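Chain letters run A, B, ... following the sequence lines, proteins first and then strands; every chain starts at 1. None of these values were measured; they are calculated from a predicted model.
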2 protein chains.
Amino acid sequence: MKLQQLRYLVEVAQSGLNVSQAAENLHTSQPGVSKQIRLLEDELGVDIFVRNGKRVVSVTEPGRHILAIAERVLLEAKNLKEAGREFSSQFTGTLTIATTHTQARYVLPKVIARFSEQYPQVKLTLHQGNPTNVAEEVVSGRADLAIATEGLDQFADLRILPCYQWNRSLVVPPGHPLLERPALTLEELAAFPIITYDFAFTGRSKINQAFERHGLTPNVVLTALDSDVIKTYVELGMGVGIIASMAFDPVRDQGLRALDVSHLFENSTTRIGIRRGTFLRQYTFDFIAMFAPHLGKEAVQQVLQAEESESGAAF
Amino acid sequence: MKLQQLRYLVEVAQSGLNVSQAAENLHTSQPGVSKQIRLLEDELGVDIFVRNGKRVVSVTEPGRHILAIAERVLLEAKNLKEAGREFSSQFTGTLTIATTHTQARYVLPKVIARFSEQYPQVKLTLHQGNPTNVAEEVVSGRADLAIATEGLDQFADLRILPCYQWNRSLVVPPGHPLLERPALTLEELAAFPIITYDFAFTGRSKINQAFERHGLTPNVVLTALDSDVIKTYVELGMGVGIIASMAFDPVRDQGLRALDVSHLFENSTTRIGIRRGTFLRQYTFDFIAMFAPHLGKEAVQQVLQAEESESGAAF
DNA sequence: GTTAGTTACGCCGACCGTAACTATA
DNA sequence: TATAGTTACGGTCGGCGTAACTAAC
């Protein structure tokens with residue numbers, strides 16, 4: 001049994017049981033992959049894939065178990081390499097963060113500025129996507145950290161670190177009647193056309209909940225994937241915008257007025273998600289601490305180590 | 001990075017940093033081992049071993065982390081092979097049980113008889129030893145299950161399954177005065193010379209506790225490693241014996257009389273210990289269920305999966 | 001001087017890639 | 001017929017073992 005064989009195996013499974021595709025992803029030849037998988041099956045004495053003639057059709061029941069273990073082996077092997085890098089060059093490496101627009105645009109810049117100053121040799125990469133993309137990036141190992149408000153808790157393989165709470169602001173054009181209301185209510189708000197986030201984004205669910213709980217149906221005239229689009233259409237007079245408070249920048253957004261409406265909606269919590277069982281570099285711990293000061297190295301390790309599930313004994 | 005290199009690495013560490021010894025254990029040549037370890041160190045860019053000239057002297061701090069991860073990789077790789085065997089031949093394999101004398105001699109025989117009948121193709125091996133040996137056998141992977149009353153909870157890598165409770169009997173020669181006492185007390189017992197288990201064995205600690213709690217100092221004239229020795233010396237008239245109740249066999253031990261003394265001592269619990277993260281064969285689950293009927297497959301898996309610690313992120 | 005480890009070197013096996021062949025949709 | 005996978009074959013690389021060398025104790 002070779003690590004290479006396990007890599008081939010997992011890649012085939014992840015390429016939709018397409019051996020040729022897997023070979024391409026692995027930058028090697030298709031017959032090689034095919035052969036190594038046969039050899040592994042021979043060695044284990046079990047068919048991993050169901051073949052219809054020559055086509056790989058599905059995964060056998062034993063194959064599912066074997067794949068799960070193979071993935072763990074590869075994860076640990078990756079950790080080993082990471083550990084090597086950690087000690088050989090403490091201050092160089094890469095850190096890939098998968099996150100959503102609001103974080104990337106309004107929250108991360110100053111964290112990243114500090115981080116880059118302290119670790120100029122670490123190559124930072126941002127992968128932007130919706131909360132589900134973000135979680136998948138981390139689960140698959142393409143990114144190291146997921147930072148998002150929604151969607152992370154759906155993934156059993158992610159360990160979750162709550163970072164900070166935030167709420168929303170209403171943005172309107174200058175002179176808008178709602179600016180005169182000292183204590184805005186949801187009812188008043190529901191009377192106006194609303195522009196806010198697309199579903200499954202940046203705490204959109206809390207907005208819906210609040211209206212529903214009051215038996216109101218907001219008149220959402222436009223949903224957007226990011227705050228910038230929302231602000232643009234508010235400036236155009238299409239409606240009033242509900243955005244994350246940190247997405248309003250009084251300097252840049254001079255064509256708009258913001259009104260804190262945290263009394264109307266529940267707080268949202270932005271979280272970091274890390275794949276369970278991952279070896280973290282020192283600079284990654286430091287990045288997390290810069291993002292959320294209460295998350296020191298010990299606190300993060302505690303979460304990562306707690307309640308590990310799906311051990312090797314599972315069957 | 002190859003699995004082989006990790007095997008070499010771990011074996012050297014476990015052979016007291018003796019490369020030649022490790023090579024012998026691995027049935028390969030010493031230069032090969034030496035070279036592969038250098039290659040691995042090169043690849044990771046870190047020294048794993050501290051060398052004084054040519055001698056391997058100790059493990060570097062990075063090396064300790066790398067070794068820990070390497071062991072996990074190998075454990076998972078072993079699990080993968082086990083999984084292969086499980087599916088390729090459900091009813092054949094080996095099961096190695098590390099246990100103490102009392103279990104091996106008085107408790108396991110009937111369990112093993114049933115098991116062997118159901119799984120005639122499974123090769124059963126017993127490793128007898130003291131509780132610490134037993135635990136180490138399982139931690140190191142030389143045995144699959146540890147069965148013992150004491151000592152298992154000292155090992156973080158063992159998952160513990162309580163199996164059954166038991167208490168003690170007094171064994172004396174026929175006609176002994178203590179046989180006339182309807183409700184024996186510790187004070188009465190302390191007046192006689194006592195023969196019982198060696199320290200750190202078969203619930204010996206509970207015996208000491210009971211006497212201590214009553215401010216008594218028992219007159220222990222002989223300690224033995226197993227019940228058979230104790231019974232032999234009781235027959236010789238050297239004193240009265242305190243043994244595990246299941247170690248008295250009225251048919252075989254006709255030269256002795258037994259008296260239940262469970263009211264004098266706390267119950268002891270016999271436990272099974274399994275290395276965390278181990279893949280268990282179906283017949284192993286069945287063995288456990290035969291030994292302790294309340295430990296079905298689900299129950300065992302739950303214990304194995306709960307509270308996994310020392311994840312890959314640990315540092 | 002003995003024990004332990006590295007360097008040197010040659011052999012064999014294994015993996016990989018190309019090419020030809022075969023089966024599926 | 002196009003697409004996907006296995007079989008066949010040769011080149012190359014890498015690991016292993018023997019042997020010679022070198023350093024610690």
(message) Once rounded to the nearest 0.5 Å, what's the spacing between atom OG1 of B/Thr125 and atom NZ of B/Lys123?
(response) 4.5 Å
(request) Would you check if A/Asp144 and A/Thr278 make a side-chain contact, meaning some heavy-atom pair closer than 4.5 Å? (result) no
(message) Is the shortest side-chain heavy-atom distance between A/Asp198 and A/Arg204 below 4.5 Å?
(response) no
(message) So if I take residues 14-25 of chain A and measure heavy-atom distances to DNA chain C, which residues fall below 4.0 Å?
(response) none
(message) Quick test of your reading of the model: are A/Arg7 and A/Glu71 salt-bridged, counting only N-O distances below 4.0 Å?
(response) no
(message) Once rounded to the nearest 0.5 Å, what's the spacing between atom CD of B/Glu150 and atom OG1 of B/Thr100?
(response) 9.5 Å
(request) Residues of residues 45-52 of chain B with any non-hydrogen atom less than 4.0 angstrom from an atom of DNA chain C: list those, numerically ordered, please. (result) B/Arg51
(request) Check the distance between D/dG15's C1' and B/Arg38's CZ and give it to me in whole angstrom. (result) 17 Å
(request) Write down the distance between CD (A/Glu41) and P (D/dG5), rounded to a whole number of angstrom. (result) 13 Å
(message) Set out, in order, the CA-CA distance, both residues' side-chain angles and the distance that settles side-chain contact (heavy atoms from CB on, under 4.5 Å) for A/Leu108 and A/Phe287, then state yes or no.
(response) CA-CA 10 Å; A/Leu108 287 178; A/Phe287 181 91; 4.1 Å; yes
(message) Checking A/Glu136 against A/Ser140: is there a side-chain donor and acceptor pair closer than 3.5 Å?
(response) no
(request) Please check if the distance between the ring centroids of B/His65 and A/Phe87 is under 6.0 Å. (result) yes
Check nucleotides 1-3 of chain C for protein N or O atoms closer than 3.5 Å to its own N or O atoms and list the pairs.
residue, atom, partner, partner atom, Å
C/dT3, O2, B/Arg55, NH2, 2.8

(message) From CZ of B/Arg7 over to C1' of D/dC16, roughly how many Å is that when rounded to an integer?
(response) 15 Å
(message) Rounded to the nearest 0.5 Å, what separates atom CG in B/Leu80 from atom CG in A/Leu9?
(response) 8.0 Å
Would you list the atom pairs, donor with acceptor, under 3.5 Å between side chains in residues 91-99 of chain B and any protein atom, with sequence neighbours excluded?
residue, atom, partner, partner atom, Å
B/Thr92, OG1, B/Ser89, OG, 3.2
B/Thr99, OG1, B/Ile147, O, 2.8

(message) Quick check on A/Glu61: does its CD atom have over 12 non-hydrogen neighbours (other residues, nucleotides or ligands) under 6.0 Å away?
(response) yes
(message) What I want to check is whether the side chains of A/Gln282 and A/Lys297 have a donor and an acceptor closer together than 3.5 Å.
(response) yes
(message) Suppose we screen for side chain to side chain donor-acceptor pair (under 3.5 Å). Which residues come up paired with A/Asn133, at least two apart in sequence or across chains?
(response) A/Asn130
(message) Between P on D/dG15 and CG on B/Leu6, what's the gap in Å once rounded to a whole number?
(response) 13 Å
(message) One character per nucleotide, please: for nucleotides 13-21 of chain C, 5' to 3', B when the base has a protein heavy atom closer than 4.0 Å, S when only the sugar-phosphate does, - otherwise.
(response) --SSBBB--
